[in-house]
Amino acid sequence: MKSVITCDMEGRIETFNKGAEEMFGYPADEVIGKERVSVFSPGEIVLQNVPVWLDEASKHGKYTAKTKFVRKDGTPFNAKIRVTPTFANGKDNGQTGYCGVTEVIEEEVNPTIKFSTKLIKALAITRMPFLSAVLMPAFIGGAYAYHYELGSPGAFNWWLFTLAVIGVALLHLGSNVMNDYFDVKDGTDGANNDYFLQFSGGSRAIELGLITLEGTKRLGLALIAGATLIGLYLTAVTGWVTLLIGLAGLAIGYLYTAPPVRLVARKGLGELGIALAFGPLVTLGIVYVVTQQLSPMAFLIGLPVGLLTANILLINEFPDAESDAKTGKNHLVVTFGKEKSTYIYLSILIMAFLSNLAIVWFLPDTNPWLIGVSVASLAAGILIFRHIREHYQDRELVTSNKNTIALSALTGLLTTLALIIG
């Protein structure tokens with residue numbers, strides 16, 4: 001008996017023969033167009049080995065490996081798989097997917113899981129690579145306080161700044177994990193097979209078996225508890241305003257997907273909340289912790305990067321829109337549709353640029369470096385917008401997802417440097 005399964009370039013199952021049904025225990029209509037081939041492997045093997053199989057198959061025409069697979073009922077079995085690339089209209093038109101032919105073998109297979117894979121597992125569960133979304137406004141707040149709010153660089157309290165950065169990072173990771181928990185619990189992730197891997201559709205850590213649903217909840221609450229302890233210490237040192245700002249950030253992050261509020265379902269409130277939580281609230285909190293002073297500029301300084309982070313959220317909603325609509329996740333793309341949402345992306349980009357100009361205007365001294373960063377960010381954003389307009393209906397949009405993340409991170413980093421050198 002041989003299992004023959006074909007999938008597209010992202011692993012979405014396209015064909016599933018009788019041998020596959022018998023071997024894996026799934027009826028074809030349960031997986032075709034609804035699941036990805038990762039569902040048949042333990043999560044750590046997916047992270048460590050599956051990308052290698054696919055890459056080698058694409059490069060050399062085929063790849064053979066012995067591995068451990070998992071049936072629908074959870075029982076593992078030893079197998080040999082041969083992966084080959086597939087082409088819809090000949091090799092000259094490019095690869096369209098993969099074909100995997102699997103046979104059960106008697107030989108015991110115990111793939112060795114590397115330490116690096118366990119590290120990647122932790123990164124995947126917490127979606128740690130997205131930390132730049134909160135670290136950039138934290139650094140911007142620190143740079144602004146360092147150069148503009150304090151009388152001398154020597155007055156900058158590096159201990160309080162470092163603790164505050166760690167606190168907002170833990171709060172962000174905890175919110176990420178809790179968002180995944182609620183998205184799985186309410187069926188949002190389960191209904192979505194159109195996500196762009198690593199960019200939308202959540203971490204997929206529970207689906208891959210990297211962590212249980214209950215384990216996800218415990219981890220999320222533990223990370224939030226760690227952030228809370230730091231916040232309470234900073235409150236004791238700097239005052240109750242720190243606690244209020246921290247609670248505002250926690251509320252937005254946690255309630256983004258948590259019922260009954262579920263900001264993501266509130267037709268734009270989710271995107272607005274993220275723009276605030278990953279921009280002005282962070283810079284306001286960082287500046288206050290370091291200086292114990294509240295100022296409108298401490299809030300304004302975080303607005304551009306917060307808006308660019310909102311655009312990350314917006315562009316990641318495009319591939320998830322159909323499934324999100326079915327589960328009541330009424331964000332901007334579901335509410336206005338993909339075509340109109342491309343112009344929402346442009347509007348947010350322009351607002352980020354204008355808020356940057358406002359910052360330059362209100363700073364005590366003209367900062368030409370910050371003007372340069374603003375213009376460069378807008379120019380790069382318009383190029384991304386043009387790509388979105390061309391591909392908002394197809395899978396090539398993933399390039400814009402990547403570039404939107406890069407734009408936010410680079411703008412944040414360059415803004416930090418511009419504020420420091422003044």
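Numbering starts at 1 and runs along the sequence shown. Values reported hereafter were calculated over all heavy atoms of this structure, with side chains retained and with hydrogens, waters and symmetry mates removed.
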Assess the pair Phe130 and His172: is the distance between their ring centroids shorter than 6.0 Å?
no

For the rings on Tyr146 and Phe156, is their centre-to-centre separation under 6.0 Å?
yes

Pick one: which of Ile301, Leu370, Leu378, Leu300 meets side-chain contact (heavy atoms from CB on, under 4.5 Å) with Asn356?
Leu370

To check you understand the geometry: which heavy-atom pair defines the closest contact between Thr283 and Ala298, and what is its length?
OG1-O, 2.7 Å

May I have the step-by-step check of side-chain hydrogen bond (donor to acceptor under 3.5 Å, both in side chains) for Thr102 and Ser3, ending in yes or no?
CA-CA 5 Å; Thr102 303; Ser3 159; 4.5 Å; no

Say whether, by atom type as modelled, one donor and one acceptor occur between the side chain of Lys267 and the main chain of Asn330 under 3.5 angstrom.
no

Trace of the side chain to side chain contact (heavy atoms under 4.5 Å, CB included) decision for His387 with Ser400:
CA-CA 7 Å; His387 185 271; Ser400 292; 2.6 Å; yes

Sequence neighbours excluded - salt bridge (Lys or Arg N to Asp or Glu O under 4.0 Å) pairs with any residue from residues 57-66
Asp55-Lys59, Lys66-Glu107

Roughly how far, to the nearest 0.5 Å, is the CD1 atom of Ile274 from the CG atom of Leu263?
8.0 Å

Quick check: closest heavy atoms across Leu314 and Ser341, and the distance to 0.1 Å?
CD2-O, 3.8 Å

Residue pairs passing the salt bridge (Lys or Arg N to Asp or Glu O under 4.0 Å) test where at least one lies in residues 161-181, sequence neighbours excluded
Arg127-Asp180

Would the number of heavy atoms belonging to other residues, nucleotides or ligands and lying under 6.0 Å from CZ of Arg82 be above 12?
no

Run the numbers on Phe24 and Val70 for side chain to side chain contact (heavy atoms under 4.5 Å, CB included), then give the verdict.
CA-CA 7 Å; Phe24 291 101; Val70 180; over 6 Å; no

Using the rule given for side chain to side chain contact (heavy atoms under 4.5 Å, CB included), can you reason through Thr216 versus Thr212, listing the C-alpha separation, both sets of side-chain angles and the distance that settles it, and then say yes or no?
CA-CA 6 Å; Thr216 300; Thr212 64; 5.9 Å; no

Is there a donor-acceptor contact under 3.5 Å from the side chain of Glu271 to the main chain of Leu332?
yes

Run the side-chain contact (heavy atoms from CB on, under 4.5 Å) test against Leu213 and tell me which residues pass, sequence neighbours left out.
Tyr181, Val184, Ile206

Heavy-atom side-chain proximity of Met128 to Leu123 below 4.5 angstrom:
yes

Contacts of type salt bridge (charged side-chain N to carboxylate O under 4.0 Å, His left out), residue Arg71, not counting sequence neighbours:
none

Check this for me, if you would: do Asp8 and Arg395 make a salt bridge, where the nitrogen-to-carboxylate-oxygen distance has to be below 4.0 angstrom?
no

Give the ring-plane orientation class for Phe139 versus Phe161, where under 30° counts as parallel, over 60° as perpendicular and anything between as tilted.
tilted

Check whether any side-chain heavy atom of Thr126 sits under 4.5 Å from a side-chain heavy atom of Asn176, and report yes or no.
no

Please round to the nearest 0.5 Å and tell me the distance separating atom CG of Leu250 and atom CE of Met178.
10.5 Å

Would you call the rings of Tyr26 and Phe16 parallel, tilted or perpendicular, taking 30° and 60° as the class edges?
perpendicular

Yes or no on side chain to side chain contact (heavy atoms under 4.5 Å, CB included) for Thr15 and Ile13, after CA distance, side-chain angles and deciding distance?
CA-CA 6 Å; Thr15 66; Ile13 297 170; over 6 Å; no

Does any part of the side chain of Tyr392, heavy atoms only, come nearer than 4.5 Å to the side chain of Arg389, both counted from C-beta?
yes

Closest non-hydrogen atom pair, Leu135 against Ala169:
CD2-CB, 4.4 Å

Checking Lys340 now: which residues fulfil side-chain contact (heavy atoms from CB on, under 4.5 Å) with it, not counting sequence neighbours?
Phe336

Using the test side chain to side chain donor-acceptor pair (under 3.5 Å), find all partners of Ser175 that sit at least two apart in sequence or belong to another chain.
none

Heavy-atom check, side chain of Val264 versus side chain of Phe182, under 4.5 Å
no

Is the shortest heavy-atom distance from the side chain of Asn367 to the side chain of Tyr148 under 4.5 Å?
yes

Quick one: which residue pairs count as a side chain to side chain donor-acceptor pair (under 3.5 Å) with a foot in residues 246-266, not counting sequence neighbours?
Asn179-Thr257, Asp186-Arg262, Thr188-Arg262

Rounding to 0.5 Å, atoms CG (Leu247) and CG (Leu281) come to a distance of 11.0 Å

Using the salt bridge (Lys or Arg N to Asp or Glu O under 4.0 Å) rule, collect all pairs that involve residues 218-236, keeping only residues at least two apart or in two chains.
none

Quiz: residues 302-313 side-chain donor-acceptor pairs under 3.5 angstrom, not counting sequence neighbours:
unit_1 : atom_1 : unit_2 : atom_2 : d
Thr309 : OG1    : Val305 : O      : 3.0
Asn311 : ND2    : Tyr345 : O      : 3.1

Enumerate, atom names and distances included, each donor-acceptor pair closer than 3.5 Å involving a side-chain atom of residues 410-417, sequence neighbours excluded.
unit_1 : atom_1 : unit_2 : atom_2 : d
Thr411 : OG1    : Ser377 : OG     : 3.1
Thr411 : OG1    : Leu407 : O      : 2.7
Thr415 : OG1    : Thr411 : O      : 2.6
Thr416 : OG1    : Gly412 : O      : 2.9

So, Thr228 side chain and Ile224 main chain: donor-acceptor pair closer than 3.5 Å or not?
yes

Scan Lys121, Lys114, Lys68 and name whichever one has a salt bridge (charged side-chain N to carboxylate O under 4.0 Å, His left out) with Glu44.
Lys121

Side chains of Leu363 and Tyr144: closer than 4.5 Å at any heavy-atom pair?
yes

If you measure only the distance, is there a donor-acceptor pair under 3.5 Å linking the side chains of Gln95 and Thr86?
no

Polar side-chain atom of Gln292 near backbone of Val289 as donor-acceptor pair, under 3.5 Å:
yes

Within the 4.5 Å heavy-atom criterion, are Tyr98 and Thr84 side-chain neighbours or not?
no

Which residues share a side-chain contact (heavy atoms from CB on, under 4.5 Å) with Ala138, sequence neighbours left out:
Val165, Val168, Val282, Ile286

Shortest non-hydrogen contact from Gly174 toward Leu223:
CA-CB, 3.6 Å

Least distance between heavy atoms, Gly167 atom then Ala227 atom:
O-CB, 3.5 Å

Nearest atoms (heavy-atom pairs only) where Ala145 meets Val290
CB-CG1, 4.3 Å

Enumerate the salt bridge (Lys or Arg N to Asp or Glu O under 4.0 Å) contacts for residues 310-326, please, sequence neighbours excluded, ordered by first and then second residue.
Glu322-Lys338

Is a salt bridge present between Glu30 and Lys72, judged by a nitrogen-to-oxygen distance below 4.0 Å?
yes

Whether Glu10 side chain and Arg36 backbone form a donor-acceptor pair below 3.5 Å
no

Compare all side-chain heavy atoms of Ser38 with those of Phe40 and state whether any distance is below 4.5 angstrom.
no

